[in-house]
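Right, one structure below, let's go through it.
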Amino acid sequence: MNRQALLTAIGNLLDNAFDAVYDERAISREISISFTDIGQDLLFEIDDAGPGINDASLDKVLTRGFSTKVGTERGFGLALTKNAIEAANGQLSIEPSELGGTYFVVSLPKDK
């Protein structure tokens, strides 16, 4: 379960980070990724220098079908990520990034 949750999270968060840094509003094309093994948890952090998620969208961005991107067939990746992480008894947090865009932290227990 945790392996699938981690793969889902990494895939979707990296895909979103690449989209963000190639947005014309991006500060730069910088992405930072780190993995940390702390006690009983595995932490995965990703920062991007994209335009970020505005405050009005922050509460909705994990909802299936909601997207800040233009186009159809959008709004599924972060919802799938959230569901997979929660199914593995993990947590997902979203904050503004020091790089200027968005900072995601995934915490997954190693025991499942």
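No experiment lies behind these values; they were computed from the predicted model shown. Numbers for residues simply follow the sequence, beginning at 1.
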Please name the pair of heavy atoms, one in [X] and one in [Y], separated by the smallest distance, quoted to 0.1 Å.
X      : Y     : answer
Ser28  : Ala49 : OG-CB, 3.4 Å
Lys82  : Leu62 : CD-CB, 3.6 Å
Gly100 : Ile27 : CA-CD1, 3.5 Å
Ala5   : Ala84 : CB-O, 3.4 Å
Leu108 : Ala88 : CD2-CB, 4.0 Å
Arg25  : Pro51 : NH2-CG, 3.6 Å

Quick one: do [X] and [Y] end up in the same hydrophobic cluster if we chain Ile, Leu, Val, Met, Phe, Trp and Tyr together by side-chain heavy atoms under 4.5 Å apart?
X     : Y      : answer
Leu92 : Val61  : yes
Ile31 : Ile94  : yes
Tyr22 : Leu99  : no
Leu43 : Ile85  : no
Phe35 : Val106 : yes

Exam field: side chain [X] to backbone [Y], donor-acceptor pair closer than 3.5 Å:
X      : Y     : answer
Lys110 : Ile38 : no
Ser57  : Ile53 : no
Asn12  : Thr8  : yes

Any chance you could measure [X], atom [atom1], to [Y], atom [atom2], to the nearest 0.5 Å?
X      : Y     : atom1 : atom2 : answer
Phe104 : Asp48 : CZ    : CG    : 7.5 Å
Leu80  : Arg64 : CG    : CZ    : 7.0 Å
Thr102 : Leu13 : OG1   : CG    : 10.0 Å
Thr81  : Glu86 : OG1   : CD    : 11.0 Å
Asp37  : Leu42 : CG    : CG    : 6.5 Å
Asp23  : Phe18 : CG    : CZ    : 15.0 Å

Do Tyr103 and Glu98 meet the criterion of a side-chain donor-acceptor pair at a distance under 3.5 Å?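 No, no side-chain donor-acceptor pair sits under 3.5 Å.
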With respect to Glu45, which candidate in Ser97, Ser34, Ser32 satisfies the side chain to side chain donor-acceptor pair (under 3.5 Å) definition?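 Answer to the side chain to side chain donor-acceptor pair (under 3.5 Å) test with Glu45 among Ser97, Ser34, Ser32: Ser34.
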Go through the structure and list residues passing side-chain hydrogen bond (donor to acceptor under 3.5 Å, both in side chains) with Ser107, not counting sequence neighbours.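 Listed in chain order: nothing, the list is empty.
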